[in-house]
Novice: 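Here it is, the structure, as structure tokens.
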2 protein chains.
Amino acid sequence: MTTSRPLRADAARNRALLLAAAADEFAEHGLEASVADIARRAGIGKGTVFRHFPTKDDLIAAIVLDRIQALTAIGERLLDSDDSGAALLEFLATAAHQRQQRDLSFLQEAGDTRPEVGNARTAMFQTIDTLVDRARADGAIRPDVTGTDVILLMCAPNYVTGSVPDASPDLWQRYLAIIFDGLRPEGAHPLPQPPPDTL
Amino acid sequence: MTTSRPLRADAARNRALLLAAAADEFAEHGLEASVADIARRAGIGKGTVFRHFPTKDDLIAAIVLDRIQALTAIGERLLDSDDSGAALLEFLATAAHQRQQRDLSFLQEAGDTRPEVGNARTAMFQTIDTLVDRARADGAIRPDVTGTDVILLMCAPNYVTGSVPDASPDLWQRYLAIIFDGLRPEGAHPLPQPPPDTL
DNA sequence: TAACAAGTTGACCGCCAGGTCCGGTTATCG
DNA sequence: CGATAACCGGACCTGGCGGTCAACTTGTTA
């Protein structure tokens, strides 16, 4: 973690503009948004983008890393909650709400092969595992679901909602509620397949 | 529906090879599979692809249309079932199983602006609506979910499963079961948002 | 304020995927 | 069997993308 020289004032401003613009553009058009569009939206030249991030994947990784760390922090904080079931639900709500609009499923796909992202992801997975273990121990969720299940399902509300043209921005809450009802112990039917072991 | 001239023998064979290869390639690599790869897989030239389908989107539309119609037929057949809840579950299982492996969420995105696809989609939606109405009338699913909800959720099991590297090909069944448990009346909690009206 | 390093920019490059086209091939029918 | 039209194929075109670079601008610091 060598911080080298401090960034020049305008460079720091441009970097912030760039990150914001990239997040917006990715939220609207998915990861295939072009670097030129991002630069235009940020009001900077395309070359500047590549000065801050040598590769488009590096840009994506930076945003993804930020989101993962933010989510992990929230999950960590929720570990102190009294109601473990409500804590898990709130975590899932935050996760769904954070990445608005389009896909940007930063859980698996994006920014792999970048060790920092992989490490952050692993940390987040561990936090989720703990959150789920507590909820299960308290009987807030059914005994046969695992942390991996929750990790996989946590993207679903946004995905499901993503294809509705004029949806309310809170529509994801409806599907999170339905899916979470499926995670509850009441009225649970046996599951036909074991959970995956590797992610 | 003017059938014009019957296709020449080899042309019909190539068309069949092409459709099969395209379906496989799309299943493996998603819609961004290249036309060149599809042609190579089918053992035909790239020009032949564009002879049968003027545009890649036309190719996609053809496959999507076929899938939609097949699904609609299955749904129609399941309307005769005694157990409306089991019928709905089987329909969702068929839908999830049909489009194996990767995304290919042919419900909304793909092949829009093509009227035939839109019409077929509308027909499928109506069939699903009927299926859901019966299940709800029989108390097999909770009263506050609509056909639109089911339409949106039906892609989720495959999506969720798609990002697991070495998943069992039947893993989607696990998540379909969880989500379907969320649709059941037992232990249902009130939903925070109304369903979308337009699709 | 002067001088330099850091930052910026947009023209430019190579690549790749969709789409075109025309010379060669082949099924079909009288 | 032979003529013809339908069909095939791959070289070619084109546009848009990620990424590079050298000339220019600007924040910084002594």
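What you see is a predicted model; the values in this text were computed from it and never measured. Computed from heavy atoms alone, side chains included, the values below leave out hydrogens, waters and symmetry copies. Numbers restart at 1 for each chain; the letters A, B, ... are given by sequence-line order, proteins then strands.
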Novice: Could you tell me how far apart Phe53(A) (CZ) and dG7(C) (C1') are, to the nearest whole angstrom?
Specialist: 15 Å
Novice: Let me check something: any side-chain donor-acceptor pairs from residues 38-46 of chain A under 3.5 Å, sequence neighbours excluded? List them with distances.
Specialist:
{"from": "Arg40(A)", "atom 1": "NH1", "to": "Asp37(A)", "atom 2": "OD1", "distance (Å)": "2.9"}
{"from": "Arg41(A)", "atom 1": "NH1", "to": "Glu25(A)", "atom 2": "OE1", "distance (Å)": "2.5"}
{"from": "Arg41(A)", "atom 1": "NH2", "to": "Glu28(A)", "atom 2": "OE2", "distance (Å)": "3.0"}

Novice: Just to verify, what does Arg142(A) make a side chain to side chain donor-acceptor pair (under 3.5 Å) with, not counting sequence neighbours?
Specialist: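 Partners of Arg142(A) by the side chain to side chain donor-acceptor pair (under 3.5 Å) criterion, ordered by chain and then number, come out as Asp144(A), Asp181(B).
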Novice: I'd like a table of atom pairs between the protein and nucleotides 22-24 of chain D - only N or O on both sides, under 3.5 Å - with the distance next to each one.
Specialist:
none

Novice: Which whole-number value in Å describes the distance from Glu25(B) CD to dA17(C) P?
Specialist: 12 Å
Novice: Send over the distance from Asp58(A) CG to dG19(D) C1', rounded to a whole Å.
Specialist: 12 Å
Novice: Can you list the residues that meet the side chain to side chain donor-acceptor pair (under 3.5 Å) rule with Thr48(A), with sequence neighbours excluded?
Specialist: none
Novice: With sequence neighbours left out, write down each residue that passes salt bridge (Lys or Arg N to Asp or Glu O under 4.0 Å) with Arg134(A), or none if nothing qualifies.
Specialist: none
Novice: Provide, to the nearest angstrom, the distance between the NZ atom belonging to Lys56(B) and the P atom belonging to dA17(C).
Specialist: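 Atom-to-atom, Lys56(B) to dA17(C), this comes out as 9 Å.
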Novice: Salt bridge (charged side-chain N to carboxylate O under 4.0 Å, His left out), that's the test. Do Asp10(A) and Arg13(A) meet it? Break it down for me.
Specialist: CA-CA 5 Å; Asp10(A) 58 342; Arg13(A) 204 196 61 225; over 6 Å; no
Novice: Could you check whether atom CD of Gln173(A) has more than 12 heavy atoms from other residues, nucleotides or ligands sitting under 6.0 Å from it?
Specialist: yes
Novice: Under 3.5 Å, which donor-acceptor pairs link side chains of residues 73-82 of chain B to any protein atom two or more places apart or in another chain?
Specialist:
{"from": "Glu76(B)", "atom 1": "OE1", "to": "Thr127(B)", "atom 2": "OG1", "distance (Å)": "3.1"}
{"from": "Ser81(B)", "atom 1": "OG", "to": "Asp83(B)", "atom 2": "N", "distance (Å)": "3.3"}
{"from": "Ser81(B)", "atom 1": "OG", "to": "Asp83(B)", "atom 2": "O", "distance (Å)": "3.3"}

Novice: Show me the pairs that pass salt bridge (charged side-chain N to carboxylate O under 4.0 Å, His left out) and involve residues 187-199 of chain B, at least two apart or across chains.
Specialist: none
Novice: Roughly, in whole Å, what's the span from CZ in Arg40(B) to P in dA17(C)?
Specialist: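 In whole Å, dA17(C) P and Arg40(B) CZ are 9 Å from each other.
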Novice: Once ring-ring contact (aromatic ring centres under 6.0 Å, His included) is applied, what residue pairs with a partner in residues 160-199 of chain B remain, sequence neighbours excluded?
Specialist: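 Matches after skipping sequence neighbours: His97(B)-Trp172(B).
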Novice: Scan nucleotides 1-11 of chain D nucleotide by nucleotide, 5' to 3', and note B when protein non-hydrogen atoms come under 4.0 Å of the base, S if they reach only the sugar-phosphate, - if neither.
Specialist: -----BBBBB-
Novice: His29(A) NE2 to dC17(D) P: how many Å, rounded?
Specialist: 11 Å
Novice: Over how many whole Å does the gap from Phe50(B) atom CZ to dC13(D) atom P extend?
Specialist: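 Those two atoms, CZ and P, are 17 Å apart.
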Novice: How long is the line joining CG of Leu59(B) and P of dA17(C), in whole Å?
Specialist: 16 Å
